[in-house]
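Just below is one structure, and these are the notes that go with it.
Numbering of residues begins at 1 and proceeds along the displayed sequence. Only a predicted model underlies this, so the values are computations on that prediction, with no experimental measurement involved.
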Amino acid sequence: MGDDGPGSTVHLLCLAASSGVPLFCRSSSGGAPSRQQLPFSVIGSLNGVHMFGQNLDVQLNSARTEDTTVVLIVGLEELTNIRNVERLKKELRASYCLIDSFLGNSELIGDLTQCVDCVIPPEGSVMQETLSGFAEATGTAFVSLLVSGRVVAATDGWWRLGMPEAVLLPWLVGSLPPQAARDYPVYLPHGSPTVPHRLLTLTLLRGLELCLLCGPRPPLGELDPQLLERWWQPLLEPLRACLPLGPRALPDGFPLHSDILGLLLLHLELRRCLFTVEPSKDKEPSPEQRRRLLRNFYTLVATTHFPPEPGPAEKQEDTVHPAQTPRACYLVLGPGMGWQLVAVQLGLRLLLLMLSPQTPTHGLRSLATHTLQALTPLL
């Protein structure tokens, strides 16, 4: 939704499925939150079209003009029997930060890939060992360390979270205003859609937060400064080294070819990804353009050249008529730009690169393959 163009306006409209009552409308213009609201007459007209289509088994998902898109979310099962609309509207306000971050030009990409945005810390094994010990000390299996909404390290329990909560929880924390500590009720769409869990967050350094997903215990008050200091004070310097990893994703000094302007690496089985547009920041295009181009290229690649794993029926047909599976593809952008995008898949990993115009086209696959081999031990 954030890729409609730099000057476009997007409205996210949520309606109660049965009554058509608008529960909320959030807007963004040019990738930034906007106060511009849809007129009530437009909301009423869209609801009328939705109700008419529903009678014909047709669902209205979005409406588009030249520079505006309206996206309709028609209620989940829990929203179909609303007893108090005003109370529900008030409760939904807690989601506004998360919703606005999806509408804007986020630096993350998990919303599109359904893979968890990660970073690679310089002392990953030490960080992992400390996190596991801290989790055991607090009696919580689901613990992660986040920087700017990206996972630095996590316990096995955290990694076992299903989709979409594995993507949504870090994204939620990254979208909230800074706070020293939080005790936040969350529903897990896959794991616990009706009973809330507690999401506890503790800020170690500005932008670097511990997250614990738990039940009634432990109380937030038990996670006192002495406990945090005992576990995390010895790692102060490695923790500080994590702070620049938000937009960069890779450790300082990791060798990348000088022609690389951005990259997206996905581990398709683990559902984790590394995404950065930081390399060669002094070159065109801007980070926002790089993100938009890589997102669009991923959409093209994932839907056309490297689709998801086929189902059983398709696999059986492929044994009779084996299909040609591409190993790489590339795209050269039009006149006046010349930037090149290349994708290569080896086993369970898919790498997308954005490269400067001077990269020779015949060397794209070789450069991408060597880069993927260098990144493989990291993810």
Are any non-hydrogen side-chain atoms of M163 and V116 less than 4.5 angstrom apart? yes

Quick one: side chains of residues 142-152, donor-acceptor pairs under 3.5 Å with protein atoms, not counting sequence neighbours, listed by atom name and distance.
{"unit_1": "R150", "atom_1": "NE", "unit_2": "G246", "atom_2": "O", "d": "2.7"}
{"unit_1": "R150", "atom_1": "NH1", "unit_2": "S148", "atom_2": "O", "d": "3.0"}
{"unit_1": "R150", "atom_1": "NH1", "unit_2": "G246", "atom_2": "O", "d": "3.2"}
{"unit_1": "R150", "atom_1": "NH2", "unit_2": "E107", "atom_2": "O", "d": "3.4"}
{"unit_1": "R150", "atom_1": "NH2", "unit_2": "E107", "atom_2": "OE1", "d": "3.4"}
{"unit_1": "R150", "atom_1": "NH2", "unit_2": "G246", "atom_2": "O", "d": "3.4"}

My understanding is that only residues two or more places apart in sequence, or in another chain, count here; which of them pass salt bridge (Lys or Arg N to Asp or Glu O under 4.0 Å) with E86? K89

Donor-acceptor pair, R349 side chain versus L379 backbone, under 3.5 Å? yes

So, for L223 and P218, which heavy atoms are closest and what is the spacing to 0.1 Å? CD2-CG, 4.3 Å

For atom CD of E129, is the number of surrounding heavy atoms from other residues, nucleotides or ligands below 6.0 Å larger than 12? no

For Q373, is the CD atom crowded, meaning more than 12 foreign heavy atoms sit under 6.0 Å from it? yes

Whether Q340 side chain and L364 backbone form a donor-acceptor pair below 3.5 Å: no

Please tell me if the side chains of L250 and L378 come closer than 4.5 Å, counting only heavy atoms from C-beta onward. yes

Run the side chain to side chain donor-acceptor pair (under 3.5 Å) test against R248 and tell me which residues pass, sequence neighbours left out. none

Would you say K281 has more than 12 foreign heavy atoms packed within less than 6.0 Å of its NZ? no

Kindly give the heavy-atom pair with the smallest separation between A249 and C118, and that separation in Å. CB-O, 4.2 Å

Is a side-chain donor or acceptor of R290 paired with a backbone partner of V277 at a separation under 3.5 angstrom? yes

Has S192 got a side-chain atom pairing as donor or acceptor with L188's backbone, closer than 3.5 angstrom? no

Side chain to side chain donor-acceptor pair (under 3.5 Å) involving T138 - partner list, sequence neighbours excluded: none

Quick check on the hydrophobic clustering: are L352 and L341 connected, directly or via other members, by side-chain heavy-atom contacts under 4.5 Å? yes

Contacts of R198 meeting side chain to side chain donor-acceptor pair (under 3.5 Å) (sequence neighbours excluded), chain-then-number -> D183

Minimum heavy-atom separation for G191 and E165, please, with both atom names. N-OE2, 2.7 Å

Dump the intermediate steps for side-chain contact (heavy atoms from CB on, under 4.5 Å) on L367 and I260, then the final yes or no. CA-CA 9 Å; L367 193 159; I260 294 176; 4.1 Å; yes

Given 3.5 Å as the limit, does a donor-acceptor pair link the side chain of S280 with the main chain of S258, or not? yes

Determine, stepwise, if the pair L131 / M127 fulfils side-chain contact (heavy atoms from CB on, under 4.5 Å). CA-CA 6 Å; L131 188 76; M127 207 82 69; 6.0 Å; no

Do the non-hydrogen side-chain atoms of T276 and V119 ever get within less than 4.5 Å of each other? no

Name all residues meeting the side chain to side chain donor-acceptor pair (under 3.5 Å) criterion together with E222; count only those two or more places apart in sequence or in a different chain, and write none if there are none. R217

If we only count heavy atoms from C-beta on, is the T140 to L200 side-chain gap below 4.5 Å? no

Locate the shortest heavy-atom distance separating A181 from L202; write the atom from each residue and the value. CB-CD2, 4.0 Å

